[in-house]
Amino acid sequence: MKQLLSEQELRDGVGRLAREITRDYGVRPITIVGILTGSLVLLADLIRQLDMPIRVGLVQASSYRGPNTTPGELSINFDMLSDVEGREVLLVDDIFDTGHTLEQVTSQLSEKQPASIRSVVLLRKANRREVSLSPDYVGFDIPNVFVVGYGLDYNDQYRNLPHVATLDPADLGAVEQDSS
Ligand code: XMP
């Protein structure tokens with residue numbers, strides 16, 4: 001495992017994201033919706049840097065991943081989300097890889113008729129985007145490597161690392177159940 005982003009870099013990055021979000025929304029109330037489970041650490045750090053009135057909701061996106069970690073079928077659970085109709089929604093996710101997760105969550109959420117939907121991600125992988133959607137706020141652009149820590153997991157481990165680290169491909173198992 002090799003450190004990619006230190007605790008200090010992550011703190012600075014989250015502070016930068018909070019300033020960009022504040023610049024755009026001002027004091028308008030927003031509903032922040034974290035995509036479980038990987039967004040939890042970013043969500044907790046980000047909301048404490050925001051001063052406008054906020055509500056927090058959660059959705060669960062789960063996909064089955066194969067040996068090369070390409071995305072499989074995605075199921076999205078909105079049971080933990082209260083009414084967002086007419087509200088300004090800011091989706092929070094850990095990483096934008098191919099973009100299918102964020103695109104599908106955005107598309108299904110838009111059926112609930114919020115006033116607007118924007119998205120913030122901590123990390124964006126280079127040259128991986130397969131959808132037209134781009135996140136509105138990006139903490140860090142990173143190379144196309146598998147990363148763990150600061151909420152990101154490998155087989156549900158390493159989410160509690162305070163930094164972001166790359167995981168050696170040799171350590172990646174053949175088939176895993178990914179729980180976003
Ligand atoms: P897509 O391809 O839909 O993927 O943008 C987004 C979801 O895939 C997971 N993902 C990762 N998880 N390290 C992880 O721990 C990674 O390098 C990685 N790349 C993608 C993650 O759940 C994300 O929400």
Side-chain angles (χ1 to χ4, degrees), residues 1-7 9-10 13-14 17 32-47 56-81 89-110 117-180:
M1 228 188 260
K2 199 170 141 230
Q3 183 169 301
L4 185 67
L5 294 165
S6 68
E7 280 189 74
E9 286 172 311
L10 289 165
V14 174
L17 288 172
I32 303 214
V33 178
I35 302 176
L36 291 174
T37 307
S39 71
L40 273 182
V41 180
L42 172 61
L43 185 70
D45 283 349
L46 185 63
I47 60 174
V56 177
L58 295 167
V59 299
Q60 173 120 47
S62 312
S63 65
Y64 188 76
R65 284 172 179 274
N68 53 3
T69 67
T70 51
E73 204 175 316
L74 192 68
S75 94
I76 302 165
N77 183 334
F78 288 97
D79 289 353
M80 287 169 282
L81 186 65
V89 171
L90 179 63
L91 279 171
V92 180
D93 205 0
D94 50 1
I95 188 164
F96 186 93
D97 186 354
T98 64
H100 287 287
T101 303
L102 201 57
E103 192 195 49
Q104 288 185 45
V105 173
T106 302
S107 153
Q108 292 190 29
L109 197 64
S110 67
I117 307 179
R118 287 189 192 174
S119 53
V120 51
V121 297
L122 180 72
L123 308 174
R124 173 171 58 190
K125 281 191 189 175
N127 305 318
R128 291 274 299 161
R129 186 160 67 104
E130 292 177 1
V131 299
S132 55
L133 180 104
S134 283
D136 298 282
Y137 308 97
V138 177
F140 300 91
D141 281 299
I142 62 165
N144 180 20
V145 288
F146 195 83
V147 287
V148 295
Y150 200 77
L152 290 136
D153 74 306
Y154 171 64
N155 274 350
D156 254 329
Q157 282 190 61
Y158 310 120
R159 291 194 200 276
N160 53 327
L161 287 180
H163 56 270
V164 169
T166 59
L167 205 57
D168 194 305
D171 294 332
L172 296 174
V175 177
E176 81 222 44
Q177 175 72 42
D178 174 64
S179 54
S180 286

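Atoms within a ligand are numbered from 1 in the order they appear, just like the ligands themselves.
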Chemist: Kindly write out the residues that satisfy side-chain contact (heavy atoms from CB on, under 4.5 Å) with S134, not counting sequence neighbours, or none if the list is empty.
Modeler: R129

Chemist: Closer than 4.0 Å to some heavy atom of K125 - which atoms of ligand 1 meet that?
Modeler: 16 (C), 17 (O), 18 (C), 19 (N)

Chemist: For the side-chain contact (heavy atoms from CB on, under 4.5 Å) test, which of L43, I32, D79, T37 pairs with L58?
Modeler: L43

Chemist: How long is the gap from CD1 on I76 to OG1 on T101, to the nearest 0.5 Å?
Modeler: 7.5 Å

Chemist: Under the 3.5 angstrom rule, does the side chain of N144 hit a backbone N or O of A126 as a donor-acceptor pair?
Modeler: no

Chemist: Tell me whether K125 contacts the main-chain N or O of V145 through its side chain, where contact means a donor paired with an acceptor under 3.5 Å.
Modeler: yes

Chemist: Tell me the contacting part of D94 for ligand 1: side chain, backbone, both, or neither, using a 4.0 Å heavy-atom threshold, strictly below.
Modeler: side chain

Chemist: Which is closest to atom 17 (O) of ligand 1 in terms of heavy atoms, V147, L36, L74?
Modeler: V147

Chemist: Check each heavy atom of R128 against ligand 1 and say whether those closer than 4.0 Å belong to the side chain, the backbone, both or neither.
Modeler: neither

Chemist: Which residue, V121, V164, L10, forms the side-chain contact (heavy atoms from CB on, under 4.5 Å) with F140?
Modeler: L10

Chemist: With a cutoff of 4.0 Å, is D93 in contact with ligand 1, counting heavy atoms of the residue only?
Modeler: yes

Chemist: Considering I35, T101, T37, which one's heavy-atom position lies nearest to atom 6 (C) of ligand 1?
Modeler: T101

Chemist: Check if G99 has a non-hydrogen atom at a distance under 4.0 Å from any atom of ligand 1.
Modeler: yes

Chemist: Heavy atom to atom 10 (N) of ligand 1, shortest distance: which of I142, V145, I95 holds it?
Modeler: I95

